[in-house]
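None of the values given here were measured: they were computed from a predicted structure.
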Amino acid sequence: MAIEYTTILATIVSGAAPLIFASLGETITERGGIINLSLDGTILLSAMTGFGVAYKTGNILYGFIAAGIVGMIIAGIVAGSTLFLRVSQVAVGFVLALMCKDLAYFLGNPFSRIQGPQLSYMPIPILEKIPVIGKIFFQQNIMVYLSYILISATWFFLYKTKLGMMLRCSGENPEVAFIRGIPAEKLKFLFTLLGGFLVGVSGALYSLSVKPGWGRPQGAEGIGWIALAIVIFGGWEPLKVALGCYLFSFLQITGILLQDRFTSVPAQVFQVAPFPLMIFMLLIINFFNKKEVQEKAQTNRFLKILAKIFKASPPASLGKVFYRG
Amino acid sequence: MKRFLLSFIVFLMALFSFQAAKAEFKFGLLLVGPYNDHGWSQAHYEAGKELEKELKDVKMIYIDKVNPADRPGITIPELVDDLADKGVKLIIANSDDMKDGIKEAAKEHPEIYFIHISGDDALTGKAPKNLSNLMGKMVYGKMMAGFVAGMTTKTGKIGYLGPLVNDETRRLTVAAYLGARYAWVNVLHKDPKKLKFKVNWIGFWFNIPGVTADPTQVSKNFFNEMYDVIISGIDTTEALVVAGQMRKKGKNVWAIPYDYKGACAIAPKACLGVPYFNWKPGYKHFIEMAKSDKWKQEWLWLGPDWKNINNSETSSVGFVTGPAIKPSVKKELNKFIKGLATGKIQLFKGPLYYQDGTVLLKSNEAATDKQIWYMKKLLKGMEGQSAAK
Amino acid sequence: MSNKIVTPEGIKLQKKMKRKERDEKIKKFLKPVIRTPVVIFAVFIIVTLLIVAIGVNPLEVYSLLLKGSLGSKYRIARVLNVWIPLTLCACGLLYTFSLGLWNIGIEGQVMLGAIGTTAIFKWFYPQIPAQYAIFAGFLASIIAGGVWALLAGILKTKGGVNEIFAGLGLNFVAQGLILWLIFGPWKRPGIASMSGTEPFNRELWLSTIKGFRVAPIGLVLAVVFFISTVFIFKYTRLGLFFKAIGDNPAAGTLFGISVNRYSLLAMFFAGAAAGIAGFFQTTGVYHRLIPAISSNYGYLALLVVMLANFKYWPVPFIAFFFACLNVGSIQLPMVLKIDSSLSGIIQGLSVLVFLVIYNFQKMKERKS
C-alpha cells in the first residue's frame, strides 16, 4: 500500500495542536492546585464564540482572542468561587462543563452550519524544505507552530523561572507557600485565568481550523474530558502531557487505519484508550509514592528504574483549598 | 348602518377564519439531522418548505436532530404523540433509524398517515395500512458520481465515505463503484485491476462525537493514503470540507458530496458535483392523497425523469455538476447519462460477483429491482466491510 | 442516679442555652426559606435576560415549557419517563455524597445496568419465559451497575485513585463497551450500525397503561427506592453510620467503623440504583440497547442532588422540575425555532446560583 507516512505524521501533529493548548492550559491550572473540570463546556463555548466573532468581524485573530477571553471568564468563575466563596471547585467545574455546552448550543444557533473564515495554511519558508521533518512539522498553520512554542514555554516557565517555582509551591503546599510569603491565592487565580485562556484558544482552534464551522454537534464534544485525562496521564509535566496529546492523535488515526484489519472493533473504541491509561497511571503513581515501595526501590535496581520513569508528583493540594483563618 | 357594516365584517372574518382553520392541512416532518445540514435532512426540509408555499393551506411542523444522541430520552412514538396533539394528519419520518419507532407509532395512531423514508415495511407487509414507504432511485445518482470520480482520479484510488452498513448503503456504494468502473474501463480503457475503490464506514449517518468514527479524520486519512477523490455517502459534508482544506495546501484532490442540491457551495473549488434527492414529487403525491383522504398504502421507489434529471417538478433524483469538474469529463458525463436514460448502458448486468466470489448476476442477466434494493454484499473489486463481522 | 444541685444561676444558664438553641433552630430553618426564593428569582432574571438577548419573547418560552411538559397526558407520561431514572440515580447519589464521595461515574453505571439487562435478554430469552427474563434482567442490572461502581470504589480505597477520575474514566470505558457490543457481538444481522441492537421482542417490554406511555413498574421502583432511602437514612444504624462518617471520617475510625467498607457499600448502592435506571431505559423506554442509553441522566442526577443540598426530601421534586424542563424544551425548536438546550442552561444555572448563595450565607455566618 502506498501510504505517505510523512503526511500521516503531519496529520498527527496538526491534530494534536488543539489538545496541546487545552491540556497544557489545564496543566498550568492544576500545577497551582486548582482543578478546572469545566474543560468540555469551555472548549465548546469558546469554539462557538471564536467562530461567531471571526465570522462577524472577518478577522480570525479577533476570534481567537474572544475565545480565549471566554475561557478566561469561565476559569475565573471556577477559581473565584473556590478561592473567595469556598464553593467546591469540583462542583462548580462540573456544572460549568455541562452548562457551557448547552449555552454554546443555545447562543450559537444563528451561526449553525454557515460558511465562515478558516485559519489558513502557512508553511515556514526554508524550514519546510528540510526533508521529512519539514513536511511533518513546518507545513502547518500558525497555531500548530505556536503549539510547539507553548510546550517549551510551559516547561521553561514551570521549571526554570521563579514565578513558575512559586506557582508549583502554591500547588504543592499552600501552607509553606504562605509562610514563605508567596501570594499563593493571587498566583492560583492568575494562572487559572491563563490556563482558561489557553483552553479557550483550543476551542477556537477547533471551530476555525480542525473542524471549521459551528453546529450541534460541533465535533469537539468530549475533547475536554480527554484533555483532563491526558494531563493526569502526563503526570502534570508539560513534556509528558504534550507527548500524551500526540499519542492520542496517533491513536485516533490508527483506529481508522486498523478498521480494515480488525473489523469487529469499531475505530472509535480506540479513542477510549486515554481513560484506562489515565486510571492506570494514577494507580502507578500512587504505588510508587507508597513508602514501602520507595524503600524497596533503594535496594532493588529494577524497581528503582521503574520508579524513576513513573515518578510523578501530583500537586499535593489539588482540589483542596487552603484557607487562611 | 356603521354598526351593521362592522358586524358584517366581523361575521365575514369569522367565517373565513373558520374555513381557514378547517381547511388547513398540517403535516409533520421528523428530521434525523439538523435542518440545515447541507445534506440529507436539508433536502427533506426544503421540499417540505416548497410544498408549504405551493399547495394552499398546507402547513409543515418539523422537528430536527431526532436521534438519541442529540435529543436524549426522546423516542419516536413520543414525538408522534406530540405531533398528534398538534393536529397533524400526515407524518414523514426521514431516517432508516426511525423504522421501528414509526411502525410502533403508526399502529397506535390509525387516524394519522405515515411515510417512512427509505424503509421497506410496506413492501414486506410488516407495516399497518396507514404506513407507506418512499425512496428515490439514488443508484443512478451514485452511478453518475462514481462515473465522474472514475474519470477524474489521477491515482486510480477512489474513497467512499460510508455511513453505516445496511442494504441501502451497500446498494449505493455498489452503484458508485459500477459507475467508476465503467468510466475507468469502458471510457478510459484502463486496466480494471489498477482501479482501487475502498469504502470506510463511520457507523452512523453523520458524526456523533465519541460514538461514530470521525468523518473528518476518515476523509483526511483517505487523502493521506493517496486517494484523490472521495465520494461521500453520509448526510453531512465533511469530505468536501476536508478536500477544500487540502486543496488550499496545494493537493490535487476532489470530493463528491451527497443528498442536497446546494451542497457544493461548502467548498466549490473541490466539488466535482453532487447526486441529490428531490423529495418534492414524492411528498406532493402523498400529501395530496392524504388531503383528499384517498390513501393507499404504497412502497414508492421513484426514479429520475430521464428527459431532464434536474427537473424539480418531476425528477426525484438528480445530479448537478460542480465547478471543479473538467469540461471534457462533463461532456462524457452527459453521454453517460444519455446512455443510462435510453437503457443502452446497464450497469446492474451480469456477470457481477460479490466480494467473496459468489455470483450476484450471471452473464447477461439484468438485476431486478428487488435484487438491487436488497444488496447483500459489496462487489468483487471493492475494498471494505460488507457487514459487521 | 446522680445528684443534681439546682441553683438559680444554673436554671438561668439552662434557659439561656435553650433560647439560644431555639434561635439557632429558627435560623437553620429560615436559611433555606430565604435562600430558595433568592435562587429562583436570580435564575429567573438571568434566563429571562438571556432569552430577550436572542430576540424571543420570554413569556412565550415559559408558557411553552409549561404546556409542553404538563399540557397533555402524553406529555405528563413523558415527564414521568424522565423522572423515574433521574430519581433513581439521584437517590443512589445520596449514599455516596453522604460519605463525601463524588460518584461522577454514575453515568457509566447506568450504561452497565443497561448492558446487564440486555445481556440476560440476549442470552436467556426465549429459553426462559419473558417474565423471568425481565426479572433476571432487573437483577443483572443491579449487579452490573453495582459492580461497576465497586470498581471505582476499589480503585479509590485500594489504589488511591480519586473517585472523580476513576468514575470519569470508567464512564468512557462503559461507552466504549456499548459501542463494541453494538458493533460486534450484538450487531443486527447484515447490518453494521451505531444506531443500536435489534429491538427486543414485545414480551420483554415493560407493560404500560394504554395511551399513557409509562410503565407502572418503573414508577413503583422509583418510589420504593426513594422511600427506602429515606428510611435507611432516618431510622437505621446503617444510615447513622453513613452520616457519622460523612461528618467526620476520623470519628468513624474511632468508633471502629471501617470507612473503606462503608465507602464500598455506598458505591454499591449508588451503582445498583443507577443500574435499575439503566434497566428501565432499556426495557421501559428504548426497548433495545443504544449508545446513548444513559441519556445523560447520571450527570443530570448529580445536579439534582447538588441543588437538593445533598438532602433527600427535595430530590423527587427537583427531579420532577428537571424532567419537566427536559420534556417541555422540545417545543422550543418546534414552535420558536430556538435550541432546546435552554433546559440544560436553566438546570445548570440553578445549581450554580444555589452554590454561590449557599456558600455566601455560610461565609457570612462564619464571619459573624
Side-chain angles (χ1 to χ4, degrees), chain A residues 1-12 14-15 40 44 105 109 111-115 118-123 139-141 206 209-213 215-223 225-226 249 251-257 259-260 262-272, chain B residues 33-39 42 64-65 69-71 155 157 165 196 198-204 206-227 236-238 241-242 244-251 265-268 383-389:
Chain A
M1 233 198 297
I3 303 177
E4 283 185 74
Y5 286 101
T6 46
T7 343
I8 290 182
L9 287 172
T11 314
I12 291 173
S14 66
D40 201 49
L44 281 163
Y105 292 144
N109 218 14
F111 303 114
S112 153
R113 295 177 192 268
I114 49 174
Q115 287 284 95
Q118 279 182 39
L119 201 58
S120 52
Y121 164 67
M122 197 183 85
Q139 296 186 1
Q140 307 277 6
N141 63 50
Y206 276 103
S209 168
V210 179
K211 288 160 197 278
R216 175 182 183 173
Q218 199 275 338
E221 281 83 355
I223 290 292
W225 300 117
I226 288 165
S249 188
L251 274 176
Q252 268 188 320
I253 287 165
T254 30
I256 295 161
L257 287 174
Q259 203 199 4
D260 308 333
F262 303 99
T263 40
S264 63
V265 181
Q268 44 280 28
V269 169
F270 291 94
Q271 295 179 26
V272 172
Chain B
Y35 74 93
N36 53 1
D37 64 356
H38 302 282
Q42 189 163 1
D64 67 349
K65 299 173 199 153
D70 278 326
R71 304 210 181 277
T155 58
K157 292 172 96 174
V165 194
K196 263 197 166 236
K198 185 167 132 186
V199 191
N200 247 337
W201 308 99
I202 64 161
F204 199 64
F206 44 79
N207 183 28
I208 304 176
V211 173
T212 61
D214 181 352
T216 307
Q217 290 282 4
V218 175
S219 305
K220 272 186 194 163
N221 207 57
F222 268 132
F223 291 135
N224 285 345
E225 288 184 71
M226 309 282 286
Y227 289 79
T236 47
T237 52
E238 280 88 349
V241 171
V242 172
Q245 284 180 328
M246 290 281 185
R247 274 196 97 76
K248 278 190 193 142
K249 282 191 192 174
K251 277 203 162 189
I266 291 279
E383 264 180 70
Q385 241 179 294
S386 269
K389 268 177 207 157

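Between A:Arg113 and B:Asp37, the shortest heavy-atom contact is CD-CA, 3.8 Å. The nearest pair of heavy atoms linking A:Tyr121 to B:Lys248 is CD2-O, 3.8 Å.
For chain A, the nearby parts of B:Lys249 are the backbone and the side chain; heavy atoms of each come within less than 4.5 Å. Looking at A:Ser209, the atoms closer than 4.5 Å to chain B (heavy atoms on both sides) all sit in the backbone: N, CA, C or O. Only the side chain of A:Gln118 comes within contact range of chain B, with heavy atoms under 4.5 Å apart. For B:Asn36, the parts sitting under 4.5 Å from any heavy atom of chain A are the backbone and the side chain alike. Using a 4.5 Å cut-off between heavy atoms, B:Ala69 does not touch chain A at all.
Within the model, atoms CD of B:Gln245 and CG of A:Leu119 stand 9.5 Å from one another, a figure rounded to the nearest 0.5 Å. Within the model, atoms NZ of B:Lys65 and CZ of A:Arg216 stand 5.5 Å from one another, a figure rounded to the nearest 0.5 Å. The CD1 atom of A:Ile114 sits 9.0 Å away from the NE2 atom of B:His38 when rounded to the nearest 0.5 Å.
The backbone N or O of A:Gly219 sits nowhere less than 3.5 Å from a side-chain atom of B:Asn207 that would complete a donor-acceptor pair. Checked by atom type and distance alone, the side chain of A:Glu221 never pairs as donor or acceptor with a backbone atom of B:Ile208 at under 3.5 Å.
Taking A:Pro123, A:Gly222, A:Ser112 one by one and counting their heavy-atom pairs under 4.5 Å with chain B, the maximum is reached by A:Ser112. Between chain A and the options B:Thr216, B:Val211, B:Ile202, B:Thr237, the largest number of non-hydrogen pairs under 4.5 Å is found for B:Val211.
A:Pro212 is listed as a side-chain neighbour of B:Val241, based on a closest heavy-atom distance under 4.5 Å. Put simply, the side chain of A:Thr7 reaches to within 4.5 Å of the side chain of B:Lys251, judged on heavy atoms.
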